[in-house]
Structures are given as structure tokens and as C-alpha cells.
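Lettering of chains follows the sequences in order, A, B, ..., and the numbering in each one begins at 1. What you see is a predicted model; the values in this text were computed from it and never measured.
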Amino acid sequence: MSSADRISDQRREKLAELRQQGVDPFFNLFKPSHSIDRIKEQYEPLGGPELEGLDQNFRLAGRLMLLREFGKASFCHIQDGSGERLQAYVQRQVVGEEAFALFKKLDLGDIVGFEGTLFRTRTQELTLAVKSLTLLTKSLKPLPEKYHGLTDVETRYRQRYLDLMVNPQVREVFAKRSAIIRLVRQFLEGRGFLEVETPMMQPIPGGATARPFITHHQALDMTLYLRIAPELYLKRLVVGGLERVYEINRNFRNEGLSIQHNPEFTMLEFYQAYATYEDLMTLTEELVAYVAQNLLGTLKITYQGQEIDLTPPWRRLDLRESLTAVGGIPPEVVRDREALVALAKKEGVTLRAGEGYGRALTKLFDLMVEVHLQQPTFILGYPLETSPLSRKNDTDPEVVDRFELFIASREMANAFSELNDPDDQRQRFEQQLAAHQAGDEEMPHALDEDFVNALEHGLPPTAGEGIGIDRLVMLLTDSPSIRDVILFPQLRPER
RNA sequence: GGGCCGUUAACUCAGUCGGUAGAGUAUCUGCCUUUUAAGCAGAGAGUCGUUGGUUCGAAUCCAACACGGCCCA
């Protein structure tokens, strides 16, 4: 028999024994009086005599993480929902024969309730002197190793509960994730943005260029697509008069997995009427600085060993200029449409039907510029060809009023002044439709007539932006992989 | 889709040139009332990812596959 099976069997035997003795191994009537983080915060500064003078009982509940047993006494550590651990001291002469016998039967991983007083040991460790104990939940499986914890990444993702139990830094990352989203909401609420929820299941998936997931509604007998972006719905709301809206929610894209991509990911999108993409550059600087300052207390952060300064204002760079200034492509090549397309092909870029200079610009940017953009940088002057929802620039109709933000070589945000000319929008949708019919599955399969209809009612001049929340969390928690900031990242099924 | 790396006890990891599978933690037994990854003595625990192949003999060499990681498309 394997040791895992044997441990499990032994614990089930203990479970049966406990029940026979009238002990409920899943007892549910224990109310802790304190959390361990509060105990530490409040009582860590106190010395031994002060603690003993307290004359106060504490009821603590948590998981047994470590045991050091002696003949007639034991030290153990319990960890509670705060993620903190506290040492407890259980003595036979204090808790009595019966309770001590029960304690001796407990296993690492069991959830217990302790009641007792605080004191300091010889080595001055804050410790609970247990007067009475209650088994709250029997654990039937062994805990990972107490010192090295759980390092196997596959097990950490598949059994995140174990990861959270034994790797405290994981809990911290997800606590920070929650704080980041809370700060983003605070910032936007402070500027009069209204949080909304728009459909995750859409009949025509729009607002981005990506292959969607397909599902089916039985009662309506219709095909629905998990949304690739909320954009077209949020702009309908601006047409309706909700002039500042935002949504933080999941998008779904039917793509491969990577260190930066999970098929479901969290996106912030917001729209502000009577603003332009230039206003949003300022807003983005302020938003990211607000979140970082309140989360970390500084705007100078380290990401994977690289110092990054988030202090506004950030560098602004034209896409074509960046190819020369950062990518090292001679300006005469950047200007020459044919030469640039030739260079793109030489660098291994494949251009599909209808794609040319614009696509070559953005692909060469991805290859030769992006990797060098460590410090926050807005890239401007995106080609019309790759921006079907953006407003054309008034002076240069080849480009649109759009920026993307790069930090630590990653695209963090994408924003533009919205196209609100319904006829222009219809034409661009028709081009996308033609591309879909030519086999491009990343293009929408149908023309969103209702969205065009909404524009015909009049979308006020508006600017909108999307910020990848997972990537922002990666940046602010110094996490190398998107899997480190998503609790249950997508994996292949185990076999 | 392509390349490279990994997969050995529940966990963390060794395993030499192809020759009976190892350690620490955890578990079990005994001792132990202020320990700090507690200590001491002993015990049990393995489909070496899977399937084939080479070989007298495979954790080890070869192939395919699975899962994971990284890089590229």
C-alpha cells in the first residue's frame, strides 16, 4: 500500500474512533473571538508579564500546520483566514487527560478551535496557552512538506487550495489583486464613472479581433458567443446618455496559452463622453499612479529585476518614429510602403489578404520595439487598417486617434477616440465581414446592425480605453506569469 | 504547430558507467512539560509519467504518447 493510502486509511480510522467516543469530527459551533493577524498586531508589542496580567481568554480557530510533541505537552502552529500563524502550547496538566488524548490524535491539516491565554515562551515567542480545545474539521489527506512547501507548479495550479495553505506569498498576490481592483473602482467612481455589466454571451462577438468561444442556447435555439470584448455594448450605453461608464469583467478569447495569455482574462473598459484619447493618456497616468501609490506606497517599482518608474508624465512616441528611434529601422524604409512590407516579410511576418503597410508597421513594432519599452510609454499614430473602431485623425487620415500603453515590454492598455460616424463604421464593418468570409476567423461573422443603428442615433464624441487587469496585477505584484495572478488558470485535463 | 527542459514515496529532492530504489519531511511505535524545520531510537511506505523497443539485465539507452515549464510561430 502506498504511504498516501495508508495515511488516508489511518485518518479514517481515527475519524471512526472519534465518532465512537462521541466526538463530532465536523463540529460547527465554535466562534473565534479574534483573528491571528489582529492578535499579533495588538499583542506582539507586549512583554511576558504584561500578557500574563491581561487575564483575558482568546478563542482562535485555524488549521494545524506544525506539531512539536513532547510526552505530556506539545507546541503547535495554527494558521487562520488571515494567513498568519500563531504558536499554541498544550499541556496535559492544563487541558486534562481526556482533551490531551484527543489532542494526541490530531493530525497536521486538522482544523481546530483553541481557547486560552497569551504568554511568552523562554525564547519570547508569543504563544497561546491552551485551556480547552475542540476539533472542528478532520483532515483526511496529508499536508505538503512543512519546510519546502509545495513547489510543483502543476500541482499548485490544479490544487490551488494546497498552494494557498502552504505558500503565504500566493495569498499575498491575490490579496493585492483584490486591492488593485478596489482601487481602480475607487478612482473611477471618484470621477463620476458608473459601473455596469453588459452581456458575456453575445450573438455577434465584436469590439476586438479574436476568435471567440461558441456556445448554444437551448430554449432560444440560437448560437451565442462568449464575448471577446464589451466595447460595442458600453458604447450603446454612452449613446443612451450614460456618459461615463466602466466595466471590470471577464473576456474570453479562443487562443493559445502563454505566460501572458489565459483564455479567460479580466479587462477594465471605460468610456468617457466629451473626452479624446489625449485626455485618456492623462487619466491613465493618474489611474496607474493612484493604484500603485495606494497599493505599494511608491511609484518606483521593480519588475523581474528591472526598475520601473511610474511617475507621470510618461513618454509619448509615434509608432513610425518608434520603429526608427527604438527599433533601429532607417526612416526612409519606414516611410517607403513597399520597402517596409518587404522588411516585414523578411522578418517572418505573414500578411493576409487586405493587409499591407499598416499591418507591417504594427508587426515590426511587436518584433523590434516592444521588447525595449521597459518604462511606461504611450505609442501613438496607429494605422487605420488595424483600428476598425477608432476615429480617424483630422490631419492624417491614414492614422487614427489611438494609443497603446507599454510597460515592462507588455501592452497594458489600448485606447482611442471613438469612431462615431455611423456610415464610416458600417463601411469598416463591411470590410471586416469580407475578411471573415475570406476565412479570417478572428473577424466577426456578421454585421452588428444594432450597433450601427445606435450610432445613427448619435454617439457623443467619446474616448474609450481597455486595461488588462491581469497584466496590471502581474506588474504590481512582480509576477512573471499570468498564471500567478489567476487563481485557476486553464490547464489541460489530467489523464 | 515547432524547439528545448522536466516527470523517482503524500511533499522536497538524490540516483555515478545500464547491474536488487535512496535521503529529509510527513506517517506509525517508544522516550521526552518552553520547542523553533525540536531531539533521540526504531518501522513501514515506490506501476521510477504511460506504452513499446534495444539488452542477459533499463529509473538510467532509443521511440512514440501524456501532462507541465520556457522559447519561437
Checklist entry - Looking only at atom C1', what distance separates B:rC13 and B:rU8, rounded to whole Å? => result 9 Å

Next on the checklist: Tell me whether the side-chain N or O atoms of A:Glu125 pair up with the base of B:rU34 as donor and acceptor below 3.5 Å, since no angle test is needed here.
Outcome noted: no

Item to check | Base versus backbone protein contacts along nucleotides 45-51 of chain B [heavy-atom cut-off under 4.0 Å; B, S, -] | outcome: SS-----

Checklist entry - Looking only at side-chain N and O atoms, does A:Arg158 come under 4.0 Å of OP1 or OP2 in B:rG68? => result yes

Item to check | Distance between C1' atoms of B:rA9 and B:rG69 (Å, rounded) | outcome: 23 Å

Item to check | Pairing partner (Watson-Crick or G-U wobble, both distances under 3.5 angstrom) of B:rC61 | outcome: B:rG53

Item to check | Pairs where residues 471-483 of chain A contributes a residue and the test salt bridge (Lys or Arg N to Asp or Glu O under 4.0 Å) is met, not counting sequence neighbours | outcome: none

Checklist entry - With both distances kept under 3.5 Å, what pairs with B:rU47, Watson-Crick or G-U wobble? => result none

Item to check | Contact list for residues 14-33 of chain A, test salt bridge (Lys or Arg N to Asp or Glu O under 4.0 Å), sequence neighbours left out | outcome: A:Lys14-A:Asp107, A:Glu17-A:Lys105

Next on the checklist: Pairing check on B:rG30: which nucleotide meets the Watson-Crick or G-U wobble criteria with it, both distances under 3.5 Å?
Outcome noted: B:rC40

Checklist entry - Does one side chain, of A:Thr117 or A:Gln56, offer a donor that lies under 3.5 Å from an acceptor on the other? => result no

Next on the checklist: Just to verify, what does A:Phe213 make a ring-ring contact (aromatic ring centres under 6.0 Å, His included) with, not counting sequence neighbours?
Outcome noted: none

Item to check | Neighbours of RNA chain B within residues 477-492 of chain A, by heavy-atom distance under 4.0 Å | outcome: A:Arg483, A:Leu491, A:Arg492

Item to check | Those residues that, when tested against A:Phe114, pass ring-ring contact (aromatic ring centres under 6.0 Å, His included) (two or more places apart) | outcome: none

Checklist entry - Would A:Arg402 and A:Ser387 count as having a side-chain donor-acceptor pair, cut-off 3.5 Å? => result yes

Identify every side-chain donor-acceptor pair in residues 164-176 of chain A under 3.5 Å, counting partners at least two apart or on other chains, and give the distances.
| from | atom 1 | to | atom 2 | distance (Å) |
| --- | --- | --- | --- | --- |
| A:Asn167 | ND2 | A:Leu150 | O | 2.9 |
| A:Asn167 | ND2 | A:Asp163 | OD1 | 2.6 |
| A:Arg171 | NH1 | A:Gly81 | O | 2.7 |

Next on the checklist: Considering every strand and a 4.0 Å limit on heavy-atom distances, what is the contact class for A:Lys363: base, sugar-phosphate, or nothing?
Outcome noted: nothing

Checklist entry - Considering only side-chain heavy atoms of A:Glu154, which listed nucleotide, B:rC71, B:rC67, B:rU33, is closest? => result B:rC67

Next on the checklist: Suppose you measure atom C1' in B:rG46 against the same atom in B:rU20; what distance do you get, rounded to whole Å?
Outcome noted: 14 Å

Next on the checklist: Applying the Watson-Crick and G-U wobble criteria at under 3.5 Å, what pairs with B:rC70? Answer none if nothing qualifies.
Outcome noted: B:rG3

Checklist entry - Starting at the 5' end of RNA chain B and moving along, which residue's nearest nucleotide shows up first, A:Tyr147 or A:Leu257? => result A:Tyr147

Checklist entry - Residues from residues 164-174 of chain A sitting under 4.0 Å of RNA chain B, heavy atoms only? => result none

Checklist entry - Which ring pair (Phe, Tyr, Trp, His ring centres under 6.0 Å) pairs, counting each pair once, include a residue from residues 9-51 of chain A, with sequence neighbours left out? => result A:His34-A:Phe58, A:Tyr43-A:Phe58

Checklist entry - A:Arg320: what forms a salt bridge (charged side-chain N to carboxylate O under 4.0 Å, His left out) with it, not counting sequence neighbours? => result A:Asp396

Between N or O atoms, less than 3.5 Å apart, protein on one side and nucleotides 11-15 of chain B on the other: list the pairs.
| from | atom 1 | to | atom 2 | distance (Å) |
| --- | --- | --- | --- | --- |
| B:rC11 | O2' | A:Glu145 | N | 3.0 |
| B:rC11 | O2' | A:Gly149 | O | 3.0 |
| B:rU12 | OP1 | A:Thr151 | N | 3.0 |
| B:rU12 | OP1 | A:Thr151 | OG1 | 3.4 |
| B:rU12 | OP1 | A:Asp152 | N | 3.0 |
| B:rU12 | O3' | A:Thr151 | OG1 | 3.3 |

Next on the checklist: Please list, in numerical order, the residues of residues 70-80 of chain A that have a heavy atom closer than 4.0 Å to any atom of RNA chain B.
Outcome noted: A:Phe70, A:Gly71, A:Lys72, A:Ala73, A:Phe75

